[in-house]
There are 2 protein chains.
Amino acid sequence: MNECPESDAQQNGSDRVVSYFKERILKGELKVGDRVMPERELAQHLDVGRPLLREVMKSLVMLGFLNVRQGSGTYIAKADIRVLSDFFTFCLSQEQDVLEDVMQARMAIECQAIRLACERANESDLARIGQWLGTLIDTLTDPEAGGRADFMFHQSIVAASHSRALTTLYGAMAELLHRSHVQRRATTYRNPEIVRVLVDAHREVFLSIVAKDPDQADRRLRDHFAIGDELRRRSLIETYRGAPAKQTN
Amino acid sequence: MNECPESDAQQNGSDRVVSYFKERILKGELKVGDRVMPERELAQHLDVGRPLLREVMKSLVMLGFLNVRQGSGTYIAKADIRVLSDFFTFCLSQEQDVLEDVMQARMAIECQAIRLACERANESDLARIGQWLGTLIDTLTDPEAGGRADFMFHQSIVAASHSRALTTLYGAMAELLHRSHVQRRATTYRNPEIVRVLVDAHREVFLSIVAKDPDQADRRLRDHFAIGDELRRRSLIETYRGAPAKQTN
DNA sequence: ATCACAAGATTGGTAAGACCAATTATTTGA
DNA sequence: TCAAATAATTGGTCTTACCAATCTTGTGAT
């Protein structure tokens, strides 16, 4: 039966199960939505015990490759990159000064995305970006809503690149940065002058996209990041100068 | 959302185990290298069966958060982003035209990295990049070694950014692109004129880094990608013109 | 004949016990 | 004192059993 000399060789049992799914999925024999064999049957087929099979399947479920419905069966799922967010969270908890680092990665993604957006954005995309820009202006006094509009503005730009890879990578990072930047953003938004500069920067970025000028859009976005960084830093200094040695949980 | 203070509430059992590790790791109570409780003991402590506990732990092992040594115990491991490579592989197998997409992401990372490299590269970094450029020139006739030198050249640039996030993301993508681009590279390297253009492009990129000019480096790298893309496309057309309608099973 | 509801079958969820294999700790003998 | 043998610890895996959710099917009322 299983005299397949290559893959089903004398593997670790656990590896055999992984190989089973890996090969079938990569070969396209198992497509999204397909149902896999019942656990007991599959365990017998692969010559492993059900607990071991379940260990591996549980891993694949956590990675988002399988979708399991009790009583019904287990199905191939469309891999969702949202799990990357959790993964990054874990990774970053083990490192110190990676926040700046991730910010760099985010900038990388977004600057590339805005170039693509200049080429591929349609009216609907532009409308959405413009809409969030409007919301941003309308919510200048509300740190919460304003921050959200800010985030959605950038998100819309990335979405307008129509690149799944960029969008998903960006999403994973954005959520991560969200946590640590909310407070700063709240602080920043209290200064009306800073708000004006930021709004102008956003508007210019938006106009560059409308003008379909990738280089200009890239440059303006980069400037925007640099300015935002500087402003945040200055605002932070001011905060600490007013209330030194403030403990943040 | 439902951050109940006593997270060991009446959860899914499976979730209870995940929470156990998640909280302790994020809180720093479990640090890299620490040993976790024996399975049987931990299972009893969390009031779950050993198989269920093992399912979750297996998942964490596959994600690289745990390192297990039979007979010795289970230890907290430094999360390795290399697993992202496998993850991407799975993801991409479920999508059609994502290759171009991932190429965009790679370009994004590398262009940002080269900007940082212009600021942060030290003599050692520059030497390494230059060394691979030399290797690249020395192995013009060897598609295998030449391709490797090409890859290492770009890798060195990203490494010179001294950004862990960028480096790991780049690594995940590079390995992925490696598979599908090896053939094209082999094809490309047969044309001496193309080789000359590529070598010049690499040299210019390198010189921009040495000159510490981020904008120029970014632009030249972008041009390099565009040219490489164009050349590959042309070379591909030529290939298919010679042998049209080749069926691949 | 059709539909609703209930009983049974299928399938995942979890637990318990047992045994094997690798490692580590302990004991014992030279 | 040291090294080999032995025991204890710990992960690796299988088997069995039972519970819970879902699906299938059969039966009875309309």
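Here is the naming used below: chain letters follow the sequence lines, and residue numbers restart at 1 for every chain.
- Taking 3.5 Å as the limit, the base of D:dT13 and the side chain of B:Arg50 contain a donor-acceptor pair of atoms between them.
- As a whole-Å value, the separation of A:Glu41 CD from C:dG12 C1' is 14 Å.
- When rounded to the nearest whole Å, the span between CE of B:Met37 and P of D:dG11 equals 11 Å.
- The distance from atom CG of B:Asn67 to atom P of D:dT10 is 17 Å, rounded to the nearest whole Å.
- Residue-to-nucleotide contacts include a donor-acceptor pair under 3.5 Å from the side chain of A:Arg40 to the base of C:dG12.
- For the pair A:Arg69 CZ and D:dT24 P, the interatomic distance rounds to 11 Å; values are reported in whole Å.
- Note that CZ of A:Phe65 is 10.0 Å distant from NZ of A:Lys22, once rounded to the nearest 0.5 Å.
- The nearest whole Å value for the distance from the CZ atom in A:Arg54 to the P atom in D:dT15 is 16 Å.
- Remark: B:Arg106 is not positioned above the aromatic ring of B:Tyr170, lacking an NZ or CZ atom under 6.0 angstrom from the ring centre and at most 45 degrees off the axis.
- Counting to the nearest Å, the C1' atom of C:dT23 and the OH atom of B:Tyr75 are 9 Å from each other.
- Rounded to whole Å, the distance from NZ on B:Lys58 to P on D:dT10 is 20 Å.
- Checked against C:dA15, D:dG12, D:dT10, the side chain of B:Pro38 finds its nearest nucleotide in D:dT10.
- As judged by a 4.0 angstrom heavy-atom cut-off over every strand, A:Gly71 is placed among the base-contacting residues.
- A:His162 is not listed as a side-chain neighbour of A:Leu116, based on a closest heavy-atom distance of 4.5 Å or more.
- Of the candidates C:dG12, C:dT24, D:dT10, C:dT24 carries the atom nearest the B:Ser72 side chain, counting heavy atoms from C-beta on.
- Here the side chain of A:Leu52 is nearest to one of C:dG13, C:dT14, D:dT13, namely D:dT13.
- Both A:Thr74 and B:Asp47 sit near DNA chain C, but only A:Thr74 has its closest nucleotide nearer the 5' end.
- Here the side chain of B:Arg16 pairs a donor or acceptor atom with the backbone of B:Leu46 at under 3.5 angstrom.
- Taking the six-membered ring for Trp and thresholds of 30 and 60 degrees, A:Phe225 and A:His154 have nearly parallel ring planes, at less than 30 degrees apart.
- Minimum atom distance to the side chain of A:Pro51 is reached by D:dC14, of the listed C:dG12, D:dC14, D:dG11.
- Look at CD on A:Glu55: it is 14 Å from P on C:dT14, rounded to the nearest Å.
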